[in-house]
Number of protein chains: 2
Amino acid sequence: MVAANRSPLSRTVIADAALVLIEEHGFDYLTMRRLGENLGIDAMSLYYYFDNKDDLLDAMLDRLYDSVVISELDAGSGNEFASWLRAIRRMFEHPAAHELYTKRVASSPAGPRGVLWSGTRLLQRGLTPAEAAKAYRLICSFVTGFASSSMYVSAIAEAAKAAPEADDLYVSEFLCHLQQADEEETFEAGLNMLATVLISDLATVTAS
Amino acid sequence: MVAANRSPLSRTVIADAALVLIEEHGFDYLTMRRLGENLGIDAMSLYYYFDNKDDLLDAMLDRLYDSVVISELDAGSGNEFASWLRAIRRMFEHPAAHELYTKRVASSPAGPRGVLWSGTRLLQRGLTPAEAAKAYRLICSFVTGFASSSMYVSAIAEAAKAAPEADDLYVSEFLCHLQQADEEETFEAGLNMLATVLISDLATVTAS
DNA sequence: ACCTGAACACCGTTCAAGT
DNA sequence: ACCTGAACACCGTTCAAGT
């Protein structure tokens, strides 16, 4: 019989608990010991479910990816690709996402899943494999880069205001716009640019 | 008199030594204790030069930025901005760059330096402050995102080959192209796209 | 099958003390 | 001014042992 005061444990349950822990206290708060305590078990019991901490991180990233695919796809609308990219951007708003992604995407099952999904969509749109690869590379760079830079542009712009160059009126206005700009609007502008150049007319970019 | 068997210490000398340590052994190898040993001093002496480890990391990122600006600028060629972006991409080839950038760019002096430099260039090209802010956001997203994804695309594509979807001929060709594509050529395609859309004709993207 | 507890080899950091 | 060494409060992980 399972103890009444806690749900039965599994890799998924533990990974989700770890994500919540980070939501509440930040990435560095997550330690095996604290996670164990939070789940009501000895920290070392976690090694029954995971080989090591990296294995846990991989599972966490995979859970984040799950939440994207399940919730966001309005499949068949003809624009699933764009809405998937928007969902990825939103995924990166989770305080764990960026660190998990850069550290573990190469080893988590989430990595292949993302590439295969995107690649398939691009090929369906009629791109050749070579074009699709180049398009994927540019799109993925923009989306992940945009998401990461979201986290610190505002702080950097704030710090830059103290520099002597910021006495210049245009420069200081530039910095203000950097802080106040609507993230979603800017992201859409980027998607727009990518769609225009890559999908309907990739050849002009491809031809070096 | 300074001991003959080592150069006099300073923040700069120590930060450079830390960068070398990472080049040789990877990011996680860098600990205060190992860095101290490597410099021939007690690890705790490092706290005479740095408030804490984050302070050291900030200094390291600033040193990486230094190497970019000094070496790469063919100023006055009319295309300093593009060559600066290329130099940033090359900076990210240093095994410490990505981790330092994402962790510390918000607090290192390198952050403001980069924003001010880029902003000034964009304004000189005749963009309004609002246009320059949007352009900076998109360019910065692409350049940093491209640099980070360079580190793992190939590994992800390799892993994806094992998935059942990769039995499809087009998909497997797509994955091969992803691994074999010339990084520099793809990066140039991205720069090209940004320059075309943002700098000579930003308005069409800006107008939502 | 699932969990515990002691133990090991590390961390970053503080502080009083040395030259 | 520059450096040391002991000490503190942590880490991740292993392993033999318990139920």
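The chains referred to below are lettered A, B, ... by the order of the sequence lines, with proteins before strands, and numbering in each begins at 1. Values reported hereafter were calculated over all heavy atoms of this structure, with side chains retained and with hydrogens, waters and symmetry mates removed.
- Stem list for DNA chain D (at least 3 consecutive Watson-Crick or G-U pairs, distances under 3.5 Å): C:4-8 with D:12-16, C:12-16 with D:4-8.
- Residue A/Ser45 has no polar side-chain atom (N or O) positioned under 4.0 Å from OP1 or OP2 of C/dC2.
- Under the salt bridge (charged side-chain N to carboxylate O under 4.0 Å, His left out) criterion, the residue pairs touching residues 150-173 of chain A are A/Glu158-A/Lys161, with sequence neighbours excluded.
- Counting to the nearest Å, the C1' atom of D/dT4 and the CG atom of B/Leu46 are 12 Å from each other.
- Taking OG of B/Ser10 as the reference point, atom CG of B/Asp16 lies at 8.0 Å (rounded to 0.5 Å).
- Residues passing the salt bridge (Lys or Arg N to Asp or Glu O under 4.0 Å) test with A/Glu37, sequence neighbours excluded: none.
- Evaluation of the ring-ring contact (aromatic ring centres under 6.0 Å, His included) test over residues 11-40 of chain B, restricted to residues two or more places apart or in two chains, returns B/His25-B/Tyr29.
- For A/Tyr49 and C/dA1, the shortest distance from a side-chain N or O to OP1 or OP2 is not below 4.0 Å.
- With sequence neighbours excluded, the residues satisfying side-chain contact (heavy atoms from CB on, under 4.5 Å) with A/Met151 are A/His98.
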Across nucleotides 9-19 of chain C, 5' to 3', mark each nucleotide with B, S or - according to how protein heavy atoms within less than 4.0 Å reach it. --BBBB-----

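- Under the 3.5 Å distance criterion, the side-chain polar atoms of B/Ser118 are left unmatched by any main-chain donor or acceptor of B/Val115.
- Taking the charged nitrogens against the carboxylate oxygens, B/Glu183 and A/Arg137 do have a contact shorter than 4.0 Å, which makes a salt bridge.
- Relative to the ring axis of A/Trp117, A/Arg121 places its NZ or CZ within 45° and under 6.0 Å from the centre.
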